[in-house]
Amino acid sequence: MAEMTYAEAAKQAIVEEMRRNRRVFVLGQDVQTGAYAEVLPEFGPERIRNTPICEAGFYGAGIGAALTGMRPVIEAAFSTFCYSAMDQIVNQAAKSRYMFGGQASVPLVIRAFVAYTVAFAAHHSDRPWGLFAQVPGLKIIVPTTPYDVKGLLISAIRDGNPVLCFDDLTLASMRGDVPEGEYTIPIGLADVKRVGSDVTVVAVGGAVHRALHAARMLEGDGVSAEVVDIRSVAPLDRRTILTSVAKTGRLIVVDPAPGTCSVASEVAATVAEQAFTRLKAPVVRLTAPDIPVPFSPNLERLMFPTGEDIVRAARELIH
Amino acid sequence: MAEMTYAEAAKQAIVEEMRRNRRVFVLGQDVQTGAYAEVLPEFGPERIRNTPICEAGFYGAGIGAALTGMRPVIEAAFSTFCYSAMDQIVNQAAKSRYMFGGQASVPLVIRAFVAYTVAFAAHHSDRPWGLFAQVPGLKIIVPTTPYDVKGLLISAIRDGNPVLCFDDLTLASMRGDVPEGEYTIPIGLADVKRVGSDVTVVAVGGAVHRALHAARMLEGDGVSAEVVDIRSVAPLDRRTILTSVAKTGRLIVVDPAPGTCSVASEVAATVAEQAFTRLKAPVVRLTAPDIPVPFSPNLERLMFPTGEDIVRAARELIH
Amino acid sequence: MRTRCSIPEKTLQEMMRRMLRIRLFEERASDIRVEAKLPGVLHNCIGQEAAIVGACMALRADDFLTGNHRSHGHPIGKGVSLAPLMAELFGKRTGVCRGKGGSMHLADFSAGSLGESGIVGSLMPVAVGAGLSARLRGTDQVCLCFFGDGAANCGPFHESLNLAAIWKLPVVFLCENNGYAIHTPQAQTTAVADIAQRAQGYGMQGEVVDGQDVLAVHDRVVHAVARARDGSGPALIEAKTYRYCEHSEFGEPADPPPYRNEQEIAFWRARDPIELFLGRLEAWGALTREAFAAMKAAVRAEVDAAVAFARQSPAPEPQALWEDVFI
Amino acid sequence: MRTRCSIPEKTLQEMMRRMLRIRLFEERASDIRVEAKLPGVLHNCIGQEAAIVGACMALRADDFLTGNHRSHGHPIGKGVSLAPLMAELFGKRTGVCRGKGGSMHLADFSAGSLGESGIVGSLMPVAVGAGLSARLRGTDQVCLCFFGDGAANCGPFHESLNLAAIWKLPVVFLCENNGYAIHTPQAQTTAVADIAQRAQGYGMQGEVVDGQDVLAVHDRVVHAVARARDGSGPALIEAKTYRYCEHSEFGEPADPPPYRNEQEIAFWRARDPIELFLGRLEAWGALTREAFAAMKAAVRAEVDAAVAFARQSPAPEPQALWEDVFI
Ligand SMILES: Cc1ncc(C[n+]2csc(CCOP(=O)(O)OP(=O)(O)O)c2C)c(N)n1
Ligand SMILES: Cc1ncc(C[n+]2csc(CCOP(=O)(O)OP(=O)(O)O)c2C)c(N)n1
Ligand SMILES: [Mg+2]
Ligand SMILES: [Mg+2]
C-alpha cells in the first residue's frame with residue numbers, strides 16, 4: 001500500500017499496464033510534456049504519442065489501432081473536447097464490433113476530465129456520463145477514489161471493448177491508499193461505500209463524497225444512510241441498487257449532471273420499475289439544473305447538489 | 001384543410017416560413033435536387049443552399065448566420081450524421097446565448113431523420129432524442145402527425161433558440177389533415193392524443209402510433225388507456241404527464257430509443273418523484289435494448305416496442 | 001505476342017477476374033434486389049472497378065484496407081469470397097457480418113478488410129490507426145484507404161492526411177473521384193479541381209490517375225505502397241472515375257433528378273474499365289475473347305452459387321440480437 | 001518629419017494605443033490574478049499584439065470577428081471598452097457577458113465581436129456563417145476569423161476554408177502562429193512549414209506576414225478585407241508571432257516544462273511588437289517617447305479604472321443562474 005492522489009493512482013494503472021503489455025500506448029495532446037513526462041524516457045515518443053489538435057483524427061487512429069491489435073489509451077483532456085470526436089466514438093468505437101458481427105473488437109480507453117466548480121465555464125465543464133450512456137456498445141466508468149481508479153483503469157485497459165473513463169476533477173488531488181502492483185475492479189459493479197438501513201443514497205462521481213459527508217451528518221440525527229457508488233454507468237449495476245432500496249425503502253440519487261435523461265433519471269426509473277413495492281416514499285433526484293455551466297463562482301456553486309441538500313432531502317423522506 | 005403526408009406537411013411549414021421571412025433559409029446536402037427541388041426556382045440557390053459533406057462546417061455556418069440575424073434550417077438527413085457536428089451543436093448552438101450573457105441567440109432549426117425498421121443498420125438508425133436531452137440549451141421536438149409537424153416546425157423556425165426536430169421516418173408517408181397557411185403549436189407542450197382513465201401510456205415519436213393502436217385493442221378488454229404524446233422532449237411537459245398519471249394511477253412509457261438514460265427513463269423518474277402517491281403499480285418502460293441496430297430485419301424487428309408489447313404491459317398492470 | 005507490361009499474365013488475368021467479380025456481383029444484387037427482397041439500401045460501384053482493383057491488387061494479403069458506403073467492391077478487390085458477402089446483403093446468419101452489417105458494413109477482417117462505413121469520411125482516421133498499428137507492432141503492413149470526392153471536404157480527411165504525414169505512416173489514400181456526391185457535382189462543393197492538389201498541404205505526394213485504366217492505377221498504387229512500406233510515408237492518389245448506377249437503390253425504383261446527362265454517361269460508358277482492359281489484354285495476347293467469356297461464365301457461376309448460398313442460408317436466430325455487443 | 005506610410009498619424013497612434021491596451025490589460029489581469037482571486041484560467045496573448053491590432057484595425061465598426069481561447073486581445077483590438085471585459089474576468093454582474101462567460105468567452109456583440117471559444121477551431125465555421133449572413137442580408141460586412149497554429153490541424157479549419165472558398169464569402173482567416181499549441185511545437189504536429197501553404201488546397205490566397213510588424217499585418221489584412229468586401233472571396237493570412245507568457249495561468253504559479261528555451265524567448269522579445277512599432281513611429285515623428293509615455297499612462301489609468309470598476313461591481317444575483325438559457 002502507498003498513499004497517493006487519485007491522479008497518481010490513475011497514472012500508475014496506465015504506466016504499469018504499459019510495462020506489462022507492449023500493445024498499450026497513450027495518445028493525446030501534450031502527453032509528452034504533461035502527465036507522462038517522467039516516463040517518456042522509458043516508453044519513448046512512439047508509445048507516449050503527442051497528437052495535433054484533431055480529435056476525430058486521433059480518436060479514429062486509436063480505433064483503427066485497436067481494431068488491429070493495439071490497446072490505445074486516449075487522453076482526451078476535458079470531456080467537452082470529446083464532442084469533436086463524437087462520430088468516431090458513437091459510430092465507430094461503439095458500433096464496430098456489433099456491425100461486423102463480432103469479427104473484431106475495439107479495446108480502447110478514453111479518459112476525459114470532468115471539471116466543475118473551478119470556474120472553467122460552459123466549454124470545459126460538462127459531465128456527459130449520462131449523454132454517453134445513450135450509446136450502446138460503450139462501457140462507462142466514473143471512479144471516485146484512488147483505489148478505485150487504479151483497479152478500474154486496469155480493468156478498462158484489459159477490456160475488449162471501448163471504455164470511457166470520466167475522471168471527476170474534484171477528486172484529482174484526493175489521497176488514499178493504493179496497493180502496489182496489479183489488481184482489478186470489475187467494470188459493471190457498483191460499490192456500497194457505506195452501509196446503512198434507513199435511506200439509500202446512490203451517487204456518481206464527486207457526488208459520492210457529498211453523499212458520504214451527508215451520511216456522516218445524518219448519523220448525528222440517528223438516520224442511517226447507505227451510500228452506493230455507481231462507479232460503472234454502463235453496464236449499470238442495477239442489482240446492487242435494487243438490493244439496497246429493497247432494504248431501506250427510500251432512494252435519493254445524486255448526480256452533478258443536468259437532470260433530464262441523466263444517470264439519476266435512470267436509477268430512479270429502475271427503482272420505480274423494479275422496487276416499487278419496496279418504496280416507502282417518492283424517489284428523489286438531486287442533480288444540476290438543465291443549464292450550461294456559468295463562469296462566475298457565485299453562480300456556479302448554486303448548480304451542484306451539496307451534502308446539505310442530501311441531508312435535507314433525507315430528512316424530508318424519513319418524515 | 002388539405003390531406004397530405006407528414007413529409008409534405010413538414011416541407012410546407014418551411015416553405016411558407018421562407019415566404020413570410022426572408023431571413024429563413026435552408027442548408028444541407030443535395031437540398032436543391034431533393035426535397036426542395038420544386039421551390040428552387042422560387043428561392044434560388046442562395047436560400048436553398050447545397051453544402052459539401054462537412055457537418056461541423058455547415059452547422060457552424062448556420063450558427064454563425066443565426067448569431068448575426070438569420071434563421072437557418074439545417075437539413076441534417078440522418079440523425080447519425082449529427083455526431084459529426086456534435087461540437088457545434090453542444091458547445092456552440094446550445095451554449096452561446098448563456099455564455100455570452102444573453103447578448104445574442106441562436107435561432108436555428110436542425111431537422112434530422114430518425115430511421116429504423118428499414119434495415120439501414122447501425123450507422124443510420126439512431127434515435128438520439130434522449131442523448132441530446134442531456135444538453136441544456138437545446139429545444140427538442142419529435143412530431144408525430146402531419147398536423148403536428150407543420151405547427152411545431154413553424155414554431156421552431158420562429159423560436160429564438162436552437163431547436164432539434166427529429167423526424168421519425170416511420171411516419172414520413174403517414175397522411176392527415178393539415179390546415180392551409182399559418183398556425184403554430186407551442187414547443188413544450190405534450191399532447192393527449194387519446195383520453196382514457198385506467199392507464200397512461202406516454203410515448204415518443206413513432207411509438208405514439210403503437211400506443212394508439214394498443215389503446216384501441218385494450219378498449220376491447222374494457223381497459224381505457226390515455227395516450228400522451230411527448231411531442232417536445234425539451235422542454236418536457238411534466239405537468240401534462242403528471243396530471244394524466246394522477247388520474248389513471250398507472251404509467252407505461254414507450255420509447256424506441258435504447259433504454260438507459262432515455263426519455264422513457266426521464267418520464268418514469270419524474271412520475272416516481274412527483275406522482276408517487278398516485279401510482280397504483282410500478283411504472284413500466286418499453287424501450288429498445290441497449291444495442292446498436294442490426295441490419296437483418298429478422299433481428300431488427302425484435303428491437304422496438306410494439307402495440308402488442310404495450311397491450312401486454314397494460315394488461316399486467318391492471319390484471 | 002508477349003504482354004507489353006512487366007506484370008505477369010496471371011496477374012493481369014486476376015485483375016480482370018476481380019473486376020468481373022465486382023461487376024457481376026453488383027449487377028446480380030441490383031437485379032434481384034426487389035424480387036429477393038434484399039433489405040435496406042445498395043450503393044453500387046459499377047463503372048469504378050478499375051480504380052478499386054488496380055489499387056487492391058497492389059496490396060499484400062496481410063495488408064489492410066478501409067472502405068466507405070460504396071464498398072462491395074473493396075473486399076472483392078482484395079480477393080475475398082463472394083458467398084458470405086452476398087449472404088450479408090440478404091441479412092443472413094452466414095453473412096460475413098452474420099447479417100448484422102448489411103451492404104453498408106461489409107468487412108472481412110480475415111482479409112484485412114476493416115470495414116465500410118455509412119458515415120462519409122469516418123474510416124479515414126481508422127485507416128491512419130491501422131497504419132499506426134502496423135508501425136507499433138513492428139510489421140510492414142500498409143493500409144489502403146478508399147474514399148470519395150465528397151469525403152474530401154470533410155474534417156476527417158484533413159485530420160487523417162495530416163496525421164499520416166507527420167507520423168510518416170504506411171497509408172495510401174485512394175480517392176475514387178466519380179464526380180458526384182449523391183447528386184451534387186464536385187465543382188459545387190470543392191474549392192480545387194483536383195483533390196490530389198490538397199496533398200501539398202500535408203507535404204505529401206499527390207497525383208491524379210485515369211481511374212478507368214486499371215494498370216495506370218495499379219502502377220501508381222504499387223509505387224505508393226512500396227514507399228509506404230519502406231517507411232517513406234503516405235500518399236494521396238486520385239482516380240478519376242464514374243459510377244454508372246444511381247447513387248443508391250432503395251425501395252421502389254424511381255426516376256433520378258436530372259443532375260447528369262446522357263452524353264456524360266455515354267462518354268464514360270465508352271471508357272468502360274473492363275472493356276478498355278479487355279482491349280489491351282487482347283492486343284497483348286494476354287486474354288482472348290474466348291478466355292474472357294469463359295472467365296465471365298466462371299465468375300457468373302460463382303455469383304450464382306453465392307446467391308444460392310445466400311437464399312438457402314438461415315436468417316439469424318433471435319438470440320443473435322444480443323450477441324457481440326460486448327466481447 | 002512626415003509619416004513614411006500612407007496611414008494617417010491618428011490611425012498609427014490608435015494602433016499603438018490598442019496594442020498598449022491589450023498588453024496593459026493582460027499584464028494587470030495576470031498580476032492581480034492570485035491576489036484578486038480571479039476565477040478560472042487566463043490565456044494571455046502578450047507578444048502577439050501586432051498581429052491582433054494590425055488585423056482588427058483593418059475592419060470597419062460593423063464588421064465581425066471571432067476569436068479563440070486566447071482572446072482578450074481580439075475585442076480590445078476591435079476597440080471595445082475595457083471595464084466590462086475586466087469585470088467579466090472577475091465574474092461580475094457588470095461583465096460583458098454578465099459574469100457567465102469569463103476569460104475564455106469574452107464577446108461584445110455591440111462591436112461585432114461574436115465571441116471566443118474554449119474549443120479549439122470551433123469558431124471557424126461560425127465565422128463562415130457570419131460571412132454568409134452578411135451576404136444573405138445584403139450587407140458588405142466582413143468577418144475576421146482568428147485562430148492559432150494548433151487549430152490549423154483540426155477538421156473545422158478544413159471545412160471552413162473550403163466553405164468560404166466555394167461560396168466566395170467575405171471571411172479573412174488570420175492565423176496567429178505563435179509556434180506552439182500548449183507545449184507542442186508546430187513542426188511536431190503540422191505537415192507543412194507554413195500554414196498559409198494550405199490556402200492552395202482551397203484555391204485561396206495565402207500569405208505569410210511578420211506578425212511582430214503591425215503595419216505589415218495591417219497592410220495585408222486591409223488588402224484581404226477589401227477583396228472580401230468586394231466579393232472576391234476569402235483569404236488566409238498567417239502572422240508569425242510569439243507568446244511571451246505560458247500557455248495559461250491557473251491556480252498556483254508552477255514551473256513550465258522545458259519546451260522552449262531562453263534564447264528563443266530572448267530572440268522574440270527583441271522583436272517586441274510595441275517596441276518595434278514605437279521605433280518606427282519615433283523615426284517618422286509620428287509619436288515621440290514623451291507622447292508614448294503619456295499614452296501609456298492614459299491606458300494604465302483606463303486599466304486601473306477597469307479594475308476598480310470590476311472590484312466594485314456586484315456579483316451576479318443567484319437568479320441570474322436561470323436567466324438566458326433560452327430567449
Ligand atoms: C457524415 C455524412 N454526411 C452525409 C452523408 C450522406 N451521404 C451518403 S453518401 C454521400 C455522398 C458521398 O459522396 P462521395 O464521397 O463522393 O462518394 P460516392 O457516393 O460518390 O461514392 C452522402 C452525402 C453521410 N453518409 N455521412
Ligand atoms: C478541441 C480541443 N482540443 C483540445 C483543446 C485543449 N487546448 C486548448 S488551447 C490548445 C492549444 C491551442 O494552440 P493554438 O491553436 O496554436 O493557439 P495558442 O494557444 O497557441 O494561442 C489546446 C490543445 C481544446 N481547447 N479544444
Ligand atoms: Mg463521389
Ligand atoms: Mg499556437
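Each chain gets a letter, A, B and so on, in the order the sequences are listed, and its residues count up from 1.
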- prompt: Is the closest side-chain heavy-atom distance between Arg97(A) and Val325(C) below 4.5 Å?
  reply: no
message: A side-chain contact here means heavy atoms from C-beta on lying under 4.5 Å apart; do Gln88(A) and Val126(C) qualify?
response: yes
query: Heavy-atom distance under 4.5 Å to chain C: side chain of Phe58(A), backbone, both or neither?
result: both
message: Within 45 degrees of the ring normal and closer than 6.0 Å to the centroid, is that where the cationic atom of Lys139(A) sits relative to Phe326(C)?
response: yes
message: Which heavy atom of Gly57(A) sits nearest to which heavy atom of Glu159(C), and what is that distance?
response: N-OE1, 2.6 Å
query: Considering only heavy atoms from C-beta outward, does the side chain of Arg137(C) approach that of Arg22(A) to under 4.5 Å?
result: no
Heavy-atom side-chain contact between Leu136(C) and Arg49(A) under 4.5 Å: yes
- prompt: By a 4.5 Å heavy-atom criterion (distance strictly below it), what part of Leu169(C) contacts chain A: side chain, backbone, both, or neither?
  reply: neither
field: Most chain C-contacting option - heavy-atom pairs closer than 4.5 Å, from Asp159(A), Leu27(A), Asn161(A)
entry: Asn161(A)
task: Considering only heavy atoms and a distance below 4.5 Å, find which of Met124(C), Arg135(C), Glu88(C) pairs most often with chain A.
output: Arg135(C)
query: So which of Ala130(C), Pro156(C), Gly101(C) has the largest heavy-atom pair count under 4.5 angstrom toward chain A?
result: Ala130(C)
field: Residue-level interface, residues 28-39 of chain A with chain C, non-hydrogen cut-off under 4.5 Å
entry: none
query: What part of Phe64(C) gets closer than 4.5 Å to chain A, counting heavy atoms only: side chain, backbone, both or neither?
result: side chain
- request: Among the options Arg98(C), His105(C), Gln141(C), His158(C), pick out the one with the most heavy-atom pairs lying under 4.5 Å from chain A.
  value: His105(C)
Heavy-atom pair count under 4.5 Å with chain A, highest-scoring of Thr66(C), Val128(C), Val96(C): Val96(C)
- line: Ranking Val106(A), Asn91(A), Ile63(A) by heavy-atom pairs under 4.5 Å to chain C gives rank one to Asn91(A)
field: CE on Met99(A) to CG on Leu106(C), rounded to 0.5 Å
entry: 11.0 Å
query: Taking C-beta and beyond as the side chain, do Gln103(A) and Asp324(C) meet within less than 4.5 Å on heavy atoms?
result: no
statement: Between Ala56(A) and Pro125(C) the two heavy atoms that sit nearest each other are O-CB, 3.6 Å
query: How many angstroms lie between atom CD1 of Ile53(A) and atom CG of Asn162(C), to the nearest 0.5 angstrom?
result: 11.0 Å
query: When heavy-atom pairs shorter than 4.5 Å are enumerated against chain A, which of Leu123(C), Asp108(C), Ile327(C), Leu114(C) gives the highest number?
result: Ile327(C)
- prompt: If you draw a 6.0 Å radius around CZ in Arg19(A), do more than 12 non-hydrogen atoms from other residues or ligands fall strictly inside?
  reply: yes
- prompt: By a 4.5 Å heavy-atom criterion (distance strictly below it), what part of Ala134(C) contacts chain A: side chain, backbone, both, or neither?
  reply: neither
field: Toward chain C, the part of Thr51(A) with a non-hydrogen atom under 4.5 Å
entry: both
message: Out of Gly115(C), Gly131(C), Ser122(C), Ser160(C), return the one with the most heavy atom pairs under 4.5 angstrom to chain A.
response: Ser122(C)
- request: Please tell me if the side chains of Lys100(C) and Phe100(A) come closer than 4.5 Å, counting only heavy atoms from C-beta onward.
  value: no
message: Assess the residue pair Tyr98(A) and Leu321(C) against the criterion (side chain to side chain contact (heavy atoms under 4.5 Å, CB included)); give the C-alpha distance rounded to whole Å, side-chain angles, the decisive distance to 0.1 Å, and a yes or no.
response: CA-CA 9 Å; Tyr98(A) 196 78; Leu321(C) 181 67; 3.6 Å; yes
- request: Answer whether the closest heavy-atom distance between the side chains of Leu163(C) and Pro52(A) falls below 4.5 Å.
  value: yes
- prompt: Is it true that a side-chain atom of Ser133(C) and a backbone atom of Thr68(A) form a donor plus acceptor pair closer than 3.5 Å?
  reply: yes
- request: Mind checking the CZ-OG spacing from Phe109(C) to Ser105(A)? Nearest 0.5 Å is all I need.
  value: 9.0 Å
